[in-house]
Amino acid sequence: QVQLVESGGGLVQPGDSLRLSCVVSGGTFSTYSMGWARQAPGKEREFVAALGWSGDNTYYAGSVKGRFTISRVNTKNTVYLQMNNLKPEDTAVYYCAAKLRGLASPHGRQYDYWGQGTQVTVSS
C-alpha cells in the first residue's frame, strides 16, 4: 500500500514563500510520477504541477508557472513544491498525488494515490 503524507502548509502573507513536502511510503518511489493539486472552497480541484519519475517531464498550470517549482529527492522518497510570491488566490488545500505508471500528467484521474492534504492560506 502506497501512502503519501504532506506537510509544510500554513498561513503566510502575500509575496511570501512556502515549501510543501510529501513523503511517500510503500512501493518504489523512484518509478512514480508525482504531482500536486489544490482545491479552494467552492472550486474544482486544480492540478498545479507534475514531475516524471526521471525528473525531465514536468507540467505547471498557467496560474503558477514561474512562481512554483516541483522537485523530488528519490533517496528521501520525497517530492517538494516550492511556492514563491504567493497570492491570496493560491489559498487552498494542497494535495500530493502518485502515478504509478507512465509520464507525469495534469489529469488528476490518472493518479493512483493521494495524500490527505495540507492547508495553505495567503492573507494579509
Scan for ring-ring contact (aromatic ring centres under 6.0 Å, His included) pairs involving residues 26-46, sequence neighbours excluded, and state none if there are none.
none

Which residues pass the ring pair (Phe, Tyr, Trp, His ring centres under 6.0 Å) test with Y113, not counting sequence neighbours?
none

Filter on salt bridge (Lys or Arg N to Asp or Glu O under 4.0 Å), then keep only pairs touching residues 98-112, sequence neighbours left out; what's left?
none

Which value, rounded to the nearest 0.5 Å, describes the distance between C22 atom SG and Q116 atom CD?
11.0 Å

Flag the pair I70 / Y59 as yes when at least one side-chain heavy-atom distance between them is below 4.5 Å, and no otherwise.
no

Taking the side chain as every heavy atom from C-beta outward, state whether L81 and V79 have any atom pair closer than 4.5 Å.
no

Show me the pairs that pass salt bridge (Lys or Arg N to Asp or Glu O under 4.0 Å) and involve residues 24-43, at least two apart or across chains.
R38-E46, R38-D90

Q119 atom CD: more than 12 heavy-atom contacts under 6.0 Å
yes

Check: L86 and F68 side chains under 4.5 Å, non-hydrogen atoms
yes

Other residues, nucleotides and ligands only: do more than 12 of their heavy atoms fall within 6.0 Å of CD on E89?
yes

Please report the closest heavy-atom contact between M34 and C96, naming both atoms and the distance.
CE-SG, 3.6 Å

I'd like to know if V120 and L4 are part of one continuous hydrophobic network [Ile/Leu/Val/Met/Phe/Trp/Tyr, side-chain heavy atoms within less than 4.5 Å].
yes

Those residues that, when tested against S25, pass side chain to side chain donor-acceptor pair (under 3.5 Å) (two or more places apart)
none

For S105 and A50, work out which heavy atoms get closest and say how close.
O-CB, 3.7 Å

Spell out, as yes or no, whether a donor-acceptor pair under 3.5 Å connects the side chain of R72 to the backbone of G52.
yes

Sorted by chain and residue number, the side chain to side chain donor-acceptor pair (under 3.5 Å) partners of T69 (sequence neighbours excluded) come out as none

Other cluster members, Y95 - Ile/Leu/Val/Met/Phe/Trp/Tyr, side-chain contacts below 4.5 Å:
F47, V93, Y111, W114

Pair V23, Q3 - check side-chain contact (heavy atoms from CB on, under 4.5 Å), show working.
CA-CA 8 Å; V23 178; Q3 294 184 322; over 6 Å; no

Which pairs with one or both residues in residues 32-79 pass disulfide (SG to SG under 2.5 Å), sequence neighbours excluded?
none

Which value, rounded to the nearest 0.5 Å, describes the distance between T28 atom OG1 and N77 atom CG?
9.0 Å

Tightest non-hydrogen contact, residues A104 and S33, listed as N-OG, 3.3 Å

Hey, does the side chain of T91 reach the backbone of V122 with a donor-acceptor pair shorter than 3.5 angstrom?
yes

Answer yes or no: is there a donor N or O on one side and an acceptor on the other, between the side chain of N85 and the main chain of R67, under 3.5 Å?
no

Could you list the donor-acceptor pairs under 3.5 angstrom formed by side chains in residues 8-20, with sequence neighbours left out?
from : atom 1 : to  : atom 2 : distance (Å)
D16  : OD2    : Q13 : N      : 3.1
S17  : OG     : N84 : OD1    : 3.0

Set of residues satisfying side chain to side chain donor-acceptor pair (under 3.5 Å) with respect to E6, sequence neighbours excluded:
none

Output all residues satisfying side chain to side chain donor-acceptor pair (under 3.5 Å) with T31, sequence neighbours left out; order by chain, then residue number.
none

Under 4.5 Å side-chain heavy-atom separation, chaining through any Ile, Leu, Val, Met, Phe, Trp or Tyr, what else clusters with Y80? Say none if it is isolated.
V73

